[in-house]
Amino acid sequence: MMATMNMIQALNSAMDVMLARDPDVLVFGEDVGFFGGVFRATEGLQKKHGLERCFDTPIAEGGLIGVAVGMGAYGLRPVVEIQFADYIYPAYDQIVSEVARLRYRSAGQFTAPMTIRAPYGGGIFGGQTHSQSPEALFTHVAGLKVVIPSNPHDAKGLLISAIEDDDPVIFLEPKRIYNGPFDGHHDRPISPWAKHPASAVPEDYYTVAIGEAAILRAGEQVTILAYGTMVHVVLAAVEESGLDAEVLDLRTIWPVDIDAIVASVRKTGRCVIVHEATRTSGFGAELTALIQERCFYHLEAPIERVAGWDTPYPHAFEWEYFPGPDRVAAALRRTVDAHG
Amino acid sequence: MMATMNMIQALNSAMDVMLARDPDVLVFGEDVGFFGGVFRATEGLQKKHGLERCFDTPIAEGGLIGVAVGMGAYGLRPVVEIQFADYIYPAYDQIVSEVARLRYRSAGQFTAPMTIRAPYGGGIFGGQTHSQSPEALFTHVAGLKVVIPSNPHDAKGLLISAIEDDDPVIFLEPKRIYNGPFDGHHDRPISPWAKHPASAVPEDYYTVAIGEAAILRAGEQVTILAYGTMVHVVLAAVEESGLDAEVLDLRTIWPVDIDAIVASVRKTGRCVIVHEATRTSGFGAELTALIQERCFYHLEAPIERVAGWDTPYPHAFEWEYFPGPDRVAAALRRTVDAHG
Amino acid sequence: MTATQRPTVAKATPARQASRPNALSLRIPEPRARPGEMLDFGNLRLSRGSAVERPAIDVQAHEIRDLAYGLIRVLDDDGQAVGPWAPALDTQSLRDGLRWMMLTRAYDERMYRAQRQGKTSFYMKCAGEEAVAVAQALALAPDDMCFPTYRQQGLLIARGYPLVEMMNQVLSNALDPLKGRQLPVLYSSRDYGVFTISGNLGTQFIQAVGWAMASAYKHDRRIAAAWIGDGSTAEGDFHHALTFASVYRAPVVLNVVNNQWAISSFHGIAGGGDSPFASRAIGYGLPALRVDGNDFLAVHAATAWAVERARANLGATLIEHVTYRAEGHSTSDDPSQYRPAGEAAGWPLGDPVARLSAHLVAIGEWSADRHEALRKELLETVRAAGKEAEAVGTLSTGSRPSVRTMFEDVYKDAPWHIREQRQQLGV
Amino acid sequence: MTATQRPTVAKATPARQASRPNALSLRIPEPRARPGEMLDFGNLRLSRGSAVERPAIDVQAHEIRDLAYGLIRVLDDDGQAVGPWAPALDTQSLRDGLRWMMLTRAYDERMYRAQRQGKTSFYMKCAGEEAVAVAQALALAPDDMCFPTYRQQGLLIARGYPLVEMMNQVLSNALDPLKGRQLPVLYSSRDYGVFTISGNLGTQFIQAVGWAMASAYKHDRRIAAAWIGDGSTAEGDFHHALTFASVYRAPVVLNVVNNQWAISSFHGIAGGGDSPFASRAIGYGLPALRVDGNDFLAVHAATAWAVERARANLGATLIEHVTYRAEGHSTSDDPSQYRPAGEAAGWPLGDPVARLSAHLVAIGEWSADRHEALRKELLETVRAAGKEAEAVGTLSTGSRPSVRTMFEDVYKDAPWHIREQRQQLGV
Ligand SMILES: Cc1ncc(C[n+]2csc(CCOP(=O)(O)OP(=O)(O)O)c2C)c(N)n1
Ligand SMILES: Cc1ncc(C[n+]2csc(CCOP(=O)(O)OP(=O)(O)O)c2C)c(N)n1
Ligand SMILES: [Mg+2]
Ligand SMILES: [Mg+2]
């Protein structure tokens with residue numbers, strides 16, 4: 001049975017399905033219980049599955065991840081919500097030193113198969129502490145997987161895969177597109193998910209594989225790598241620039257779908273990488289390095305990065321900070337025009 | 001007056017000089033007071049400058065950095081020690097959300113001019129929690145400077161610069177070379193700093209500027225970028241490979257000396273980057289991206305990264321994990337031999 | 001005042017039926033009432049004003065552990081100041097306090113509306129909690145350093161920070177002292193002794209201890225004060241603050257503002273059910289005061305005690321202010337989803353403005369007419385300030401800070417990469 | 001037992017002379033004695049064995065706050081078990097306890113020497129603290145889950161984990177169950193209910209609470225136990241553990257092993273000066289027991305109480321074990337640099353092995369000869385195990401785990417980048 005869902009509904013449905021299928025799945029975090037989460041992703045789950053299966057926690061991100069480690073060691077599969085990715089840092093020690101390393105240091109005796117959900121990214125006038133994109137702080141940590149969906153269908157399928165995965169998954173949700181795709185044209189009317197094909201979501205169980213990119217548009221002139229909200233911005237920029245670009249939605253950023261990337265860049269010889277995170281040491285740096293190591297002799301132009309500036313995300317300058325379609329289009333043009 | 005110092009003595013001397021010059025400088029951290037630190041970097045400072053100027057703290061890295069933020073807001077210049085860089089994560093929220101952003105978010109009203117010293121890196125059989133190189137987790141954070149010395153002379157001069165800097169500085173100390181340079185040949189006799197020219201250190205105040213790389217060896221065939229212990233490994237690899245490499249000791253990794261890097265790579269057309277940190281999303285990724293953006297048409301071979309494997313640092317495999325001179329030399333040879 | 005109270009009957013925690021005898025089961029705490037249910041404040045530990053002793057400031061912490069479980073109150077039901085904690089505040093101070101609380105409320109109402117009108121993105125009121133910040137501002141010296149959360153706007157108002165400046169911040173306009181960088185209400189004023197408010201909960205608590213340590217190190221006389229919400233006490237920073245304050249005997253007043261809710265989570269989720277937040281201090285050897293946070297005089301008296309103690313180099317005090325968040329968490333919140341509608345009105349400790357006003361009336365220094373006149377005057381003050389600020393600009397219209405400033409203050413001097421990025425944006 | 005005690009005269013904290021009257025000053029706590037100074041245990045709160053009541057396990061936490069400040073003791077100076085906490089342990093259990101403590105000590109001595117001989121990189125003893133882990137292992141059920149620090153090797157030994165396996169781990173040889181990945185002494189054994197020990201202090205404390213919550217959620221009967229050092233209580237994880245344990249009433253026994261030192265920092269730097277660590281529990285509404293950690297019977301009795309309480313679904317207990325780290329922090333440490341040489345010998349609570357042995361003698365179940373014979377037997381047991389382990393390999397010689405395994409278990413299945421790196425290394 002298919003239904004039309006926005007991202008929040010799709011995520012909710014994924015947790016609902018997994019709570020029903022697996023008694024070892026628990027959902028918890030700040031405000032996720034009775035209220036259903038500040039973005040309402042867990043709405044109704046406590047009522048349906050019981051107080052003990054979906055509940056509020058104290059405001060202590062390090063505490064709730066620590067608890068999830070212990071639960072994982074017992075044999076449960078916690079799905080925890082960090083209210084905003086900007087608030088994940090108090091849990092950074094538990095994530096880096098414990099969650100990511102449990103399997104390795106215990107030689108497989110203990111594992112922490114948890115899913116850490118966190119809304120991330122800008123575009124909502126959230127200021128510097130409700131807009132961050134910290135994905136690169138996790139891709140550097142061996143033992144973690146990092147997943148970022150860009151539409152309802154993928155969101156549900158990937159979240160189910162994450163919950164079933166025996167490794168810990170950092171599951172970052174682009175909050176700007178919870179309720180509708182957003183192409184960066186903030187001055188145009190908002191479009192709901194219902195008009196987008198990826199809002200057609202099976203009501204039951206299904207998975208989207210972790211580690212596989214989606215080619216959203218085939219093209220010859222340039223490869224664009226993006227994830228999350230930026231996928232929609234990129235598609236708009238491609239359309240507006242009239243270029244024949246190949247657009248990859250990475251979906252899983254680590255371990256990334258290296259084969260899809262290499263195949264595309266070898267074909268186009270040019271590449272632009274787009275993310276919202278601050279540029280320096282962002283995930284675009286790793287992508288650039290991987291590509292130039294593998295496609296050096298195919299590259300006809302420098303790989304460009306379009307990214308957030310190396311400043312905090314300032315409240316008043318949402319659209320000057322946000323890497324919108326104009327900045328992407330300009331980079332595309334530079335890249336396509338470049339020749340040595 | 002010059003003296004012969006190892007790195008510990010040079011660091012100690014920097015703090016001693018600054019405690020004497022500036023009553024607003026305080027030194028604190030776990031075990032740094034009466035005992036003088038587990039690596040003895042603060043030995044004698046409490047006795048000489050008084051209990052209140054160099055003291056022990058509770059074991060709470062988040063707490064001691066938090067306290068340093070408040071002291072910075074008051075007008076002091078705290079110099080804090082994190083006993084091992086591996087234990088900096090409990091302070092990550094205070095560093096990312098507070099230390100790095102204080103000036104920005106208060107529009108300059110409040111600043112946190114602190115120096116955070118932390119021994120880092122491997123080569124001492126410290127296992128996975130006494131060997132880490134977390135520098136990239138700080139280069140991604142706007143507002144932080146990251147400094148990594150490779151010898152006693154630079155260590156003292158850079159530490160004084162860091163203490164005097166009005167921005168927060170993450171000061172990572174390659175613990176393997178505290179007592180002598182180490183070229184990665186673990187099976188050869190240990191050489192003390194006294195035999196190395198950089199052990200000649202002025203006893204008094206001097207600075208080495210933050211943001212400036214040092215060209216340790218001029219060369220034409222390939223540029224090598226390194227910092228910390230790896231500088232010595234690289235020099236050995238160059239000598240053993242017989243190649244005419246240009247070796248840059250970055251010293252400050254952020255903001256990095258981009259001019260020196262670009263000038264060198266434009267000249268040689270080839271580049272190898274060496275660090276101990278795990279490879280994926282390590283600082284080598286950012287360096288690679290910066291170089292290919294700026295030197296694309298000068299590059300004759302892919303930029304290579306020689307780095308720690310994407311695993312925790314395993315106790316028994318110190319030398320299989322450590323990127324030693326053989327791995328560096330092999331990368332040099334590949335890079336020099338490469339042609340499209 | 002306690003009309004809605006009913007006898008204490010603990011609501012049973014629904015627990016899955018244990019499948020085995022003697023099996024363990026998990027307790028998930030729940031509030032006594034949810035939307036549609038009867039109000040129930042039966043677990044609020046109340047004391048009468050005269051019931052709680054006022055010790056000397058140099059008392060040993062362990063001698064006054066009981067104060068963590070009582071409730072310091074001064075104003076009785078007749079509006080009289082009674083008991084050992086009744087402070088010797090002159091009438092002018094009381095009238096000032098009333099004015100600032102009312103000004104805070106009027107300001108909140110205007111800015112809340114401004115957000116609803118699309119003039120800014122976000123706003124947070126402190127309705128019902130005004131006594132905490134205002135009475136404490138009065139008890140602190142003007143140069144003592146404050147480390148507040150987003151819900152102590154009363155500090156700035158009581159210290160005389162210009163309303164227009166506050167509004168400029170909330171509107172992120174061209175005159176915003178924080179240059180449009182911060183979310184509304186995350187003020188900062190070095191000149192008025194208010195530390196830059198963080199979006200990350202809890203961080204300021206330990207920072208205040210550091211500031212106090214610095215002041216002690218410099219043989220200064222200034223002390224620090226910090227605030228944290230009931231929910232946020234669960235963060236590690238809270239523990240760090242108590243630990244460091246105890247170890248270094250830091251001159252700091254540490255305040256827990258227990259307004260019963262942390263967004264949708266009741267105080268029991270933060271661990272306020274089995275032991276009051278004030279009692280956390282006991283284990284660190286710090287004195288704790290639990291105070292009626294809606295009683296202006298009680299808050300003032302408790303704070304003055306802690307301030308005097310800190311200033312005498314006797315170290316930190318933890319004060320729990322028992323109050324109630326009378327409205328939503330923020331403009332993004334809808335509390336009717338998770339708590340009974342009448343809870344604010346039924347709150348047994350009443351409203352701080354009404355209670356202080358009643359006290360002034362009771363002692364013959366105030367009247368309903370003067371109250372109403374003051375209300376109108378303040379409305380006008382706020383309206384005038386609002387006009388002035390909005391004339392400069394709002395988040396959506398008028399003049400904004402220069403985009404160029406977006407790249408400033410990341411570092412003291414912009415490094416090459418920031419300069420390069422500024423040029424890329426063409427500003 | 002308390003020969004070196006002298007009257008309590010607090011050592012004055014040297015403070016810079018305040019330059020202004022009434023100026024603040026910073027207190028930096030110092031231990032009562034440093035190398036070369038007279039021993040001073042005057043601030044140790046002792047109680048006699050009969051002085052501390054033993055409440056029913058379903059007591060309300062607030063009724064027994066005093067237990068956080070007393071000291072539960074059972075063995076008196078004559079080696080008799082006295083007072084309400086004297087447990088009904090049969091002789092065989094006592095002899096087992098003695099054996100395991102002695103085996104732990106013998107094991108420690110051998111492995112310490114192995115490190116000195118270059119056979120491994122690092123080692124940590126628990127000399128003087130053996131009663132904590134061993135008596136607690138006895139009081140817990142074998143399938144209760146332990147979350148220890150690096151200083152509870154006695155847990156594994158008392159649970160019968162093979163010595164050779166422990167040695168293989170310390171030597172990082174080919175049979176190391178952790179494949180050479182962990183620093184020596186950071187054991188892990190799922191089969192024996194011992195969680196993988198972290199190099200990062202404190203993290204396990206809250207994890208144990210999570211495990212206990214899981215057990216409660218599954219209506220299991222197993223409980224969890226966690227240990228943390230006095231120094232490490234300052235970490236946020238400690239506060240998280242107490243908060244979550246209180247909120248969800250988790251079936252867990254939370255132990256603070258107060259061995260007076262954290263490397264070179266005395267317990268006062270962790271905030272143990274103004275209030276005992278046990279008292280931290282009070283503010284969370286959790287019961288606290290403070291126990292003579294060198295008194296095997298007292299540790300057992302206190303633990304049994306907490307275990308019974310947790311198993312009855314009454315929630316968590318915090319136990320502070322007052323003990324003494326009789327030797328260096330680790331093989332990297334030299335305690336003579338920062339504490340008086342005779343402090344261990346002068347420790348008022350004596351040595352746990354000697355005290356349990358004396359008790360068995362006093363009740364006619366042991367003798368000096370049997371003690372000596374056991375010591376020799378255990379020495380031989382350890383020697384034989386050591387030979388066996390070293391025959392496999394040490395960190396520097398013999399056979400090591402396959403290098404290939406370095407790339408395993410980062411993830412369940414190695415992704416492309418890990419496979420690629422393994423190929424690069426050619427393994
Ligand atoms: C570290 C962190 N975690 C989560 C949040 C999201 N958040 C903002 S306010 C809030 C509730 C705080 O409640 P409380 O401390 O009781 O303060 P109150 O709002 O009641 O004044 C939460 C969870 C945050 N800002 N920072
Ligand atoms: C997060 C963290 N910070 C610092 C350290 C370094 N360190 C290792 S042991 C130790 C002292 C711990 O003292 P305590 O908790 O009292 O335990 P004890 O060694 O006395 O058993 C320190 C500071 C660490 N391992 N982890
Ligand atoms: Mg609250
Ligand atoms: Mg200790």
Side-chain angles (χ1 to χ4, degrees), chain A residues 61-62 86-97 100-101 104-105 127-129 132 134-143 254-255 273 277-297 299 301-305 308-312 314 338 340, chain B residues 61-62 86-97 100-101 104-105 127-129 132 134-143 254-255 273 277-297 299 301-305 308-312 314 338 340:
Chain A
E61 292 76 11
D86 316 58
Y87 304 137
I88 204 165
Y89 309 125
Y92 203 62
D93 186 44
Q94 284 283 348
I95 295 173
V96 174
S97 306
R101 290 224 210 99
Y104 193 79
R105 79 171 197 233
Q128 35 189 303
T129 55
Q132 293 169 42
E135 64 273 16
L137 301 174
F138 299 102
T139 55
H140 188 45
V141 180
W254 203 255
I273 298 159
T278 49
R279 174 188 181 92
T280 299
S281 283
F283 188 60
E286 179 59 33
L287 288 171
T288 305
L290 287 172
I291 293 167
Q292 79 87 38
E293 282 157 6
R294 284 163 174 72
C295 311
F296 184 80
Y297 300 106
L299 281 174
I303 303 161
E304 271 226 36
R305 294 181 283 170
W309 309 119
D310 283 320
T311 76
Chain B
E61 292 75 12
D86 316 59
Y87 304 137
I88 204 165
Y89 309 124
Y92 202 62
D93 185 43
Q94 283 283 347
I95 295 174
V96 173
S97 307
R101 292 225 209 96
Y104 193 79
R105 78 171 196 232
Q128 36 189 302
T129 56
Q132 293 169 42
E135 65 272 15
L137 302 174
F138 300 102
T139 55
H140 188 44
V141 180
W254 203 256
I273 298 160
T278 47
R279 175 188 182 92
T280 299
S281 283
F283 188 60
E286 179 59 34
L287 288 171
T288 304
L290 288 172
I291 293 167
Q292 80 85 39
E293 281 157 6
R294 284 163 173 74
C295 310
F296 184 79
Y297 299 106
L299 282 174
I303 302 162
E304 270 226 36
R305 294 181 283 171
W309 309 118
D310 283 321
T311 75

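The chains referred to below are lettered A, B, ... by the order of the sequence lines, with proteins before strands, and numbering in each begins at 1. The figures that follow rest on heavy atoms only: side chains count, while hydrogens, waters and symmetry mates do not.
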Residue among [options] with most heavy-atom pairs under 4.5 Å to chain A:
options                                    : answer
Thr288(B), Thr129(B), Thr311(B), Ile303(B) : Ile303(B)
Arg105(B), Glu286(B), Gln94(B), His140(B)  : His140(B)
Trp309(B), Phe283(B), Tyr87(B), Trp254(B)  : Trp254(B)

Determine the minimum heavy-atom distance between [X] and [Y], stating which atoms define it.
X         : Y         : answer
Thr280(A) : Thr139(B) : CG2-O, 3.5 Å
Tyr297(A) : Pro302(B) : OH-CD, 3.5 Å
Ser97(B)  : Tyr89(A)  : OG-CD1, 3.5 Å
Ala289(A) : Ala285(B) : CB-CA, 4.1 Å
Tyr104(B) : Pro312(A) : CD2-CG, 3.4 Å

(request) Look at the rings of Tyr92(B) and Tyr92(A) and say which category their plane angle falls in: under 30° parallel, 30 to 60° tilted, over 60° perpendicular. (result)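 Taking Tyr92(A) first and then Tyr92(B), their aromatic rings lie parallel (interplane angle under 30°).
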
(request) With a 4.5 Å cut-off on heavy-atom pairs, point out which of Val96(A), Asp310(A), Thr278(A), Leu299(A) contacts chain B the most. (result)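 Between Val96(A), Asp310(A), Thr278(A), Leu299(A), the count favours Thr278(A).
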
With a 4.5 angstrom heavy-atom cut-off, is it the side chain or the backbone of [X] that approaches chain B, or both, or neither?
X         : value
Leu287(A) : neither
Arg294(A) : neither
Ile291(A) : neither

(message) Rounded to the nearest 0.5 Å, what separates atom CG in Asp93(B) from atom CD in Glu61(A)?
(response)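 Answer rounded to 0.5 Å: 8.0 Å.
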
(message) Distance check, rounded to the nearest 0.5 Å: Arg305(B) atom CZ versus Gln292(A) atom CD?
(response)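 Result: 8.0 Å between the selected atoms.
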
(request) For Glu304(B), enumerate each residue passing the salt bridge (charged side-chain N to carboxylate O under 4.0 Å, His left out) test, keeping only those at least two apart in sequence or located in another chain. (result)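 By the salt bridge (charged side-chain N to carboxylate O under 4.0 Å, His left out) rule, Glu304(B) matches Arg334(B).
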
(message) List the residues meeting salt bridge (charged side-chain N to carboxylate O under 4.0 Å, His left out) with Arg101(B), not counting sequence neighbours, and say none if there are none.
(response)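 Once residues adjacent in sequence are excluded, Arg101(B) has no partner under the salt bridge (charged side-chain N to carboxylate O under 4.0 Å, His left out) criterion.
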
(message) Is Ile88(B) in contact with chain A via its backbone, its side chain, both, or neither, using a 4.5 Å heavy-atom distance?
(response)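 Looking at Ile88(B), nothing touches chain A.
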
